[in-house]
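Everything on this sheet refers to the single structure shown next.
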6 protein chains.
Amino acid sequence: MTEDRYQQGLEKLKELTLSGDENPTGEMDIGEGFKDIAPDLSKYVVEFAFGEIYSRPGLDNKQKVLTTITALVAQGKPQIEMHIKTGLNVGLTPDEIVGCIMHLIPYTGFPSVLNALTVAKKVFAERGVSVTLPDDN
Amino acid sequence: MTEDRYQQGLEKLKELTLSGDENPTGEMDIGEGFKDIAPDLSKYVVEFAFGEIYSRPGLDNKQKVLTTITALVAQGKPQIEMHIKTGLNVGLTPDEIVGCIMHLIPYTGFPSVLNALTVAKKVFAERGVSVTLPDDN
Amino acid sequence: MTEDRYQQGLEKLKELTLSGDENPTGEMDIGEGFKDIAPDLSKYVVEFAFGEIYSRPGLDNKQKVLTTITALVAQGKPQIEMHIKTGLNVGLTPDEIVGCIMHLIPYTGFPSVLNALTVAKKVFAERGVSVTLPDDN
Amino acid sequence: MTEDRYQQGLEKLKELTLSGDENPTGEMDIGEGFKDIAPDLSKYVVEFAFGEIYSRPGLDNKQKVLTTITALVAQGKPQIEMHIKTGLNVGLTPDEIVGCIMHLIPYTGFPSVLNALTVAKKVFAERGVSVTLPDDN
Amino acid sequence: MTEDRYQQGLEKLKELTLSGDENPTGEMDIGEGFKDIAPDLSKYVVEFAFGEIYSRPGLDNKQKVLTTITALVAQGKPQIEMHIKTGLNVGLTPDEIVGCIMHLIPYTGFPSVLNALTVAKKVFAERGVSVTLPDDN
Amino acid sequence: MTEDRYQQGLEKLKELTLSGDENPTGEMDIGEGFKDIAPDLSKYVVEFAFGEIYSRPGLDNKQKVLTTITALVAQGKPQIEMHIKTGLNVGLTPDEIVGCIMHLIPYTGFPSVLNALTVAKKVFAERGVSVTLPDDN
């Protein structure tokens, strides 16, 4: 039932954005800005992307966001910023987020990784979090 | 020191392939087949990709392979087969591997996901492993 | 309601595949082959891709398939074969399908176009349809 | 003959940009800005892209621009703005343009679509055109 | 004049394929196989790709083929085989071709490079040419 | 030995950036800005990318940068600016750089080429270099 999928999507969004009932989507862009040209878009985002795919068993939230960040690095999409924030929300550490981006060097090459680290650095600074530096690298 | 990086890469490969000293690279293609045209390739794969990047702290092996599989789905590369095998080796369950591929539908679209599931299905059959089905989706 | 979206997806699939109630999905691959590893996939294909997106107002079926074929040429995906068939089903002429692929030369380059034409030629031969040749080229 | 192809390209550009003889290329970027470093570029754009490919039979202008917009969404290219304008010029409605972009969700994923809708919204506002909203989404 | 561009394209093709007047296109696929569905394709390949772009000053033939091979590695296109052959024809050594492919590791990642080396190895074997191995790698 | 690879990377960077011992990396971004979140990144860039791959025999520096620029055009990466500068440093002429970018039209399409030429034009202006115009193309 549509109601349930929409509600399920909002519940998942609250988990991912650490938000409450009054603003369940938090900082996540679910396409609300396109109500005038594509009024059905946010419904698909909430119901399908969050109510079905993000609500699917198989991976936990940390793994889902890690997968999302990886896809966005590989594609060079600006949505990576929003999903790095979500990663921190669901408990990925800055070390895990940087570890994921750095792990992609052999698969996507250095430029994609440099571009993604620029965004990660900005988000970490905004959130006031930092990486635990490995010794002597 | 080169020795150490190469050795470190072989140790990591043994972890990922569940192999022993006599064949540390197991089923992993490290470019040995190109000794005649690019004799330095396998050195870069062992030393850099496995001795440095895969040996980096930040992510555990399961997370590293999840990241690898995601990148290969997003790019449509045939190396996904080898890395799904590695995923099973390091303890990713078939549910996690399928969960990762399915999670990509909103980011890469359905065709990339269908192509990757075809490979996963083949590997699972070869390995005799199966997915724990969610109820009635 | 889920029922309705699923039913709506099947109706759209019947339109696109010229199929009847006993086999509404016709030649379209909706992921039925993955029931054992991703049992929910075909539901998403039917409900979301066909029941919602393909059922959306805005474009007619011919325009939707033209858009689909273009995306698959740009991405080099093998699903182009299935969608060229669908294009013929909904009334795109071979000239329109070839016209679409050829139009992409300035946007995707020649190799993508050559690869797509190879598939189109095969499908046209199987279906026994042909292009109306422009004069004097 | 080169003359004819160039002239044919200008005629096609006038159709697509609704421009007259004094400025046949209108808002279309044909590479005039690169006369100092690649003086032959605009010739290729006019003669080949517009004089040959856009002048090819098979698709009408609306279909050609739909195909162009789709390719640019799939590739994430900024030229999409110019071609959304052209789409409006040749008679694509805002509903068709949004319909095309939304149709790509199952093929390119949500981020590409969100990025393209941002551009479409801006162009529609500049042109003072709007989408006919479907009920009840 | 069309005549001249077509003739110029054939001359360039003879240079690249080391062919004579009776079969100027040699092993190069110029789209002749699509005469029945896209009769104008081979004209565009000969006139535009070879008669204009490949005939442009700025780069010599070796540089042009190096650029072509690089683009095809980055895109994962099967046309790389044909262009590795052309590279050998115009005087690129196997070391240069492998050097080009290996140089891409930091930009496209290892999988693209492994896939391209597989093709290069096959072409070198067919042509009976080999790489001069660097010492001690 | 790591020392040697790092030193080798710095030597290569001095060649490519025309820099001296006090600032061997010149204008090249080797990831120094990420010392706080990925302290090992610049080591990989210097040791692997420049100390190994750029130091590999097979291609000369001009060919290596031509290959790099091509990959970045094909991928639409902003790092193209830095590498056009490097190209000028190692002796590629503006005609060769533009020749490389223009040569990609049949392989990547016009939009990628227009975007890359915008960057090239900016760099040429900053460096005060110019293209030798071919007559009347």
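A note on names: the letters A, B, ... follow the listed sequences, proteins ahead of strands, and every chain is numbered from 1.
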- Message: Taking every non-hydrogen pair under 4.5 Å, which of B:Ile101, B:Asn115, B:Ile105 racks up the most with chain C?
- Response: B:Asn115
Over all atoms of both residues, closest heavy-atom pair of [X] and [Y]:
X        : Y       : value
B:Thr118 : C:Phe34 : OG1-CZ, 3.3 Å
B:Val98  : C:Ala38 : CG1-CB, 4.0 Å
B:Pro111 : C:Leu72 : CG-CD2, 3.9 Å
B:Val131 : C:Asp36 : CB-O, 3.9 Å

- Evaluate the side-chain proximity of C:Ile37 to B:Ile97: yes if any heavy-atom separation is below 4.5 Å, no if none is. no
- Value rounded to 0.5 Å, distance of CD in C:Gln75 from OG1 in B:Thr108: 8.5 Å
- Evaluate side-chain contact (heavy atoms from CB on, under 4.5 Å) for B:Met102 paired with C:Tyr44, printing each intermediate quantity in order. CA-CA 10 Å; B:Met102 290 291 286; C:Tyr44 302 141; 3.7 Å; yes
